[in-house]
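Step one of this worksheet: look at the structure below.
Numbering of residues begins at 1 and proceeds along the displayed sequence.
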Amino acid sequence: MNGKRNICVVVASRANYGRIRSLLSALQANSNINLQIVVTASALLYRFGEVIKLIESDGYNVSAKAHVVLEGDTPSAMAKSTGFAIQELTTIFDFLKPDIVLTVADRYETLATAVAASYMNIHVAHTQGGEVTGSIDESVRHAITKLAHFHFVTTELSKKRVIQMGEDPSRVFLTGCPSIDEITNTDLQVTPDLLEKNGGVGATIDLNKPYLLVLQHPVTTEFNLASSQIKETIEALNRIKMPTIWLWPNIDAGSDAISHELRSFRETENPGWLRLHRNFSIQDYARLMKNCACFIGNSSSALREGAYLGTPAINIGSRQFNRERAENVIDSHAISSEIEKLIRIQVSHGPYASNPLFGNGNSGLKIAQILSTVTLGSTQKVFHDL
């Protein structure tokens, strides 16, 4: 279009959008780029916060939508949704004709994006490759690395791993994570209306007093344990009874079990310390994380953004197994007594020093500049031996 390079970005979840919001801004501002945004999967669904509304309220035009989520709380539903996503995204890419498709991190929609684009001889750009974690996410992330042509990694160790997987070193760029850009560009003071304007149900919480922030997702390789694992977290927090803001889990297998236990606890116990939310804007989520007494759960945001913010965090279970982290994170098994003990330790410790492990605030501009100028050439990949 008018000599510009078509860059298509696929947004599939609230975490996706938080990771690349600043990158979208940089891409839209780049005079050599025609930005295309495709919204799919849980980013379209009400029960996961309708992230598409955040995207549109931020002033972005959505080029296409792909409804791909198969209802069902099982690994087979995730596998089938991946297949649906490949079909839908293939049709969309055929219509949009992007020069580069950018896909984020390690979800099934991310894999579907990379499969569809690479089979169509479209260059694939991938963020957050080379990171190591628990669950199926790690295998998916490395599979996408082998399909992608350009790699935007967050740490030196991640860069080393991607090159170790046979990728062309000249196409592996250490940029940091654009999610850190959001933190550096946001006033992180909480406002009295922050919770009310974002909906939610449950207790009234004074954000000027100590509070906890919780986000615990199912572990796909342990989805049958989702119910018992979340019960342990609930039990620990119910003993502490500190004002708590709890976000609903993502769409992975096991999420229905977690949601059921949370609803059952709230309806049965009517806890005066608990408030539940579907979603927050990227900025408000950063504000809540910065000012909470402790972050509890298994979200990568505790390790990634939490490192930069210095947020005391408890990482529960195996979902973030072996992921790089700063000193703000303490690991816990999914055992209520251990979780309770470590929360009390972290609350007493208070904020940690900021650590720019995953970036220092200029990642989006770096990635946009590279995408606008990098030589495309053939989509045929060659394995680079060490």
Side-chain angles (χ1 to χ4, degrees), residues 190 192 194-196 198 200-219 225-250 254-255 257-278 280 284-303 305-307 309-320 325-352:
V190 294
L194 190 154
L195 295 180
E196 293 300 326
N198 282 286
V201 294
T204 298
I205 293 178
D206 185 350
L207 296 179
N208 291 314
K209 297 180 180 179
Y211 64 89
L212 304 175
L213 184 61
V214 184
L215 177 55
Q216 186 164 332
H217 301 300
V219 181
L225 300 175
S227 180
S228 61
Q229 288 172 344
I230 202 66
K231 282 181 178 179
E232 295 291 329
T233 304
I234 292 171
E235 184 178 338
L237 290 164
N238 195 35
R239 287 199 292 264
I240 294 174
K241 289 183 168 53
M242 189 171 176
T244 300
I245 302 162
W246 199 315
L247 279 81
W248 295 103
N250 67 16
S255 64
I258 291 177
S259 298
H260 171 76
E261 295 299 340
L262 284 171
R263 289 192 183 94
S264 177
F265 174 73
R266 178 175 176 269
E267 292 168 4
T268 302
E269 302 295 331
N270 192 28
W273 51 267
L274 177 63
R275 185 179 182 91
L276 294 163
H277 279 264
R278 287 187 300 118
F280 289 103
D284 283 345
Y285 183 63
R287 293 179 180 113
L288 289 171
M289 184 181 291
K290 170 63 178 176
N291 292 282
C292 71
C294 184
F295 186 105
I296 300 107
N298 58 12
S299 168
S300 63
S301 60
L303 285 69
E305 291 94 324
L309 293 170
T311 302
I314 305 299
N315 175 56
I316 300 173
S318 64
R319 189 169 185 266
Q320 303 301 334
R325 76 277 308 277
E327 63 178 355
N328 68 302
V329 178
I330 299 178
D331 293 310
S332 174
H333 296 96
I335 300 172
S336 63
S337 58
E338 183 177 345
I339 296 169
E340 178 188 3
K341 176 184 175 181
L342 294 178
I343 290 173
R344 295 187 187 280
I345 289 173
Q346 288 287 60
V347 169
S348 297
H349 183 283
Y352 288 78

- Item | Criterion side-chain contact (heavy atoms from CB on, under 4.5 Å) on Leu247 and Leu213, from CA distance to verdict | CA-CA 8 Å; Leu247 279 81; Leu213 184 61; 3.8 Å; yes

- Given side-chain contact (heavy atoms from CB on, under 4.5 Å), test Met242 with Cys294 step by step and report yes or no. CA-CA 11 Å; Met242 189 171 176; Cys294 184; over 6 Å; no

- Is there a side-chain contact (heavy atoms from CB on, under 4.5 Å) between Lys241 and Asn238 once you walk through the steps? CA-CA 5 Å; Lys241 289 183 168 53; Asn238 195 35; 3.4 Å; yes

- Task: Give the intermediate values and the outcome of side-chain contact (heavy atoms from CB on, under 4.5 Å) for residues Asn291 and Leu207.
- Result: CA-CA 8 Å; Asn291 292 282; Leu207 296 179; over 6 Å; no

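A distance of 11.5 Å separates CZ of Phe295 from CD1 of Ile343, quoted to the nearest 0.5 Å. In this structure, CD1 on Ile234 lies 8.5 Å from CG on Leu274, to the nearest 0.5 angstrom. The line from CG of Leu262 to CD of Glu267 is 11.0 Å long, rounded to the nearest 0.5 Å. The line from CD1 of Ile330 to CZ of Arg325 is 11.0 Å long, rounded to the nearest 0.5 Å. In this structure, Glu338 CD and Ile316 CD1 are separated by 9.5 Å, a value rounded to the nearest 0.5 Å. The distance from atom CD of Glu235 to atom CD of Glu340, rounded to the nearest 0.5 Å, is 8.5 Å.
For the pair Gln216 and Ile230, the minimum side-chain heavy-atom distance is below 4.5 Å. Between Trp273 and Ile240, the closest side-chain pair of non-hydrogen atoms is not below 4.5 Å. For the pair His277/Leu195, a side-chain contact is recorded, criterion being any heavy-atom separation below 4.5 Å from C-beta on.
Formation of a donor-acceptor pair under 3.5 Å by the Ser259 side chain with backbone atoms of Ser255 is found in this model. Remark: side-chain polar atoms of Arg275 are not paired, donor with acceptor, to backbone N or O of Ile245 under 3.5 angstrom. The backbone N or O of Asn328 lies less than 3.5 Å from a partner atom in the side chain of Gln346, making a donor-acceptor pair. No donor-acceptor pair under 3.5 Å is formed between the side chain of Glu261 and the backbone N or O of Lys231. One N or O on the side chain of Tyr211 and one on the backbone of Leu288 form a donor-acceptor pair closer than 3.5 Å. No side-chain donor-acceptor contact under 3.5 Å links Arg287 to the backbone of Leu194.
Pairing each heavy atom of Gln320 with each of Asn315, the nearest pair is CG-OD1, 3.5 Å. Shown here for Leu215 and His217, the closest heavy-atom pair between the two residues is CD1-CE1, 3.6 Å. The minimum heavy-atom distance between Ala236 and Ser336, with the atom names listed, is CB-O, 3.4 Å. For the pair Asp331 and Leu342, the tightest heavy-atom approach, listed with the atom from each and the gap, is O-CD1, 3.5 Å. The two atoms that bring Pro218 and Asn250 nearest to each other are CD-OD1, 3.6 Å, heavy atoms only. When all heavy atoms of Pro243 and Ile205 are compared, the pair lying nearest together is CB-CG2, 4.1 Å.
For residues 292-301, the pairs satisfying side chain to side chain donor-acceptor pair (under 3.5 Å) are Arg19-Ser300, Tyr285-Ser301, Ser299-Ser301, with sequence neighbours left out.
Considering only residues two or more places apart in sequence or on other chains, Glu232 meets the salt bridge (Lys or Arg N to Asp or Glu O under 4.0 Å) condition with none of them.
Cys292 pairs in a side-chain contact (heavy atoms from CB on, under 4.5 Å) with only one of the listed residues (Thr311, Val347, Leu212), which is Thr311.
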